[in-house]
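First up is the structure itself, then whatever we jot down about it.
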Amino acid sequence: MDFSWLFPPAINDMAKQVDSLFWFIASIAVFIFVLVEMLLFIFLVRYRRKRPDKQGIALHGNTKMEIIWTLIPALILVAIGVFGSQMTYAIQTPPKDVYTINVTGYKWRWDFDYPEGFKTTNKLVIPEDKSVLFKITSGDIVHSFWIPSMRLKQDAVPGRQTQFWTGPSEKGEYPIVCAEYCGTMHSMMLAKLNVVSTEEFDKFVQSGGKAGGSAADGAGGEGQTLAEQKGCLSCHATDQNKLVGPGWGGMFGKDVKLSDGSTVKYDEKYIIESIIDPAAKTPEGYSPMPPQQVTEEEAKAIAEYIKTLK
């Protein structure tokens, strides 16, 4: 029976091994559940008490029965333990020629530092034919780095490094999520995994992480790419929905009420000032944005992008 609709696609051998372990455990659990329920029903009907003074068979002290119902579950648990332990050690022991990417979780984004010296935010690009080691930590609170299509998940803990590695994977775009509730925007802590060919990955590295993703063309395209890379879209919706910060959609040119009661026009000057000096003019109902590592030129590009949002 095909149960592939239950899970996201398994994109490498490691994910398929995890699926095998799952089905091994699930099959045993289902078999035992059905067996117990079936015997329960049979015994209820066949051996129901017909006379108040009739006593059933006493099994207490039956050595043969006790050995059977102790030994069988013990062997099943040993088999699951051996299978699971082998897989756990395999996932945490990378090969020597592995490509290493440092992963850092923040409220609420994922930063990926590549060995070539550049960083991306919420965009992870890896080559299809390489083994990749992820060294994982957190910059604030506990998160959990989870790639469902690889069936791999590891806690991201402040001041501590955890890791897992993965072998060659199938090309495509897959979601990355946080599996540890980390605050009000936990469900928005999303990133994308792009598995690309070796040639595409080489171009991605040569561009310093700017190629190979979802970079947009046309008006505001550069700003959109920057907003994605800098993690702006973790806190600001591109429509009018309120997240941690106000939504950007349809705001350009309108008046914005500030926390001090004054009003300012939501134009390029205000957007750039808000990015460079977040505490200068805070919109009413919001807390000041944390300081951002964005240059004035980059802030201008992001303002151009916001201008295009309706």
Q: Considering non-hydrogen atoms only, spot the tightest contact between K107 and D140 and give its length.
A: N-OD2, 2.7 Å
Q. Would you say D155's side chain and S144's backbone share a donor-acceptor pair under 3.5 angstrom?
A. no
Q: Take I80 and F24 through the side chain to side chain contact (heavy atoms under 4.5 Å, CB included) test and state the conclusion after the steps.
A: CA-CA 8 Å; I80 292 173; F24 176 63; 3.8 Å; yes
Q.
Apply side chain to side chain contact (heavy atoms under 4.5 Å, CB included) to residues T238 and Y305 and explain how you reach the verdict.
A. CA-CA 10 Å; T238 55; Y305 170 53; 3.4 Å; yes
Q) Does Y181 use its side chain to pair, donor to acceptor, with the backbone of C178 at less than 3.5 Å? A) no
Q) If you take all heavy atoms of C232 and I302, which pair is closest and at what distance? A) SG-CD1, 4.2 Å
Q | Matching residue for F145 among L152, T162, V177, L124 - test: side chain to side chain contact (heavy atoms under 4.5 Å, CB included) | A | L124
Q: Measure the acute angle between the ring planes of W248 and H236, then classify it against the limits of 30° and 60° as parallel, tilted or perpendicular.
A: parallel
(Q) Taking F204's backbone N and O only, do any of them form a donor-acceptor pair with S207's side chain (distance below 3.5 Å, no angle check)? (A) yes
Q: Can you see which heavy atom on V142 is nearest to which on E180, and at what distance?
A: O-CG, 3.8 Å
Q. Does the Y114 side chain pair with the main chain of V125, one donor and one acceptor, at a distance under 3.5 Å?
A. yes
Q. Looking at V196 and K171, what are the two nearest heavy atoms and their distance?
A. C-CG, 4.1 Å
Q. Under the 3.5 angstrom rule, does the side chain of K281 hit a backbone N or O of S262 as a donor-acceptor pair?
A. no
Q) Under 3.5 Å, is there a donor-acceptor pair between the side chain of W110 and the main chain of L190? A) no
Q) Any side-chain heavy atom of V205 sitting closer than 4.5 Å to one from F118? A) yes
Q: Could you label the plane-to-plane angle of the F43 and Y47 rings as parallel, tilted or perpendicular, counting under 30° as parallel and over 60° as perpendicular?
A: perpendicular
Q. Tell me, do F83 and I25 make a side-chain contact under 4.5 Å, heavy atoms counted?
A. no
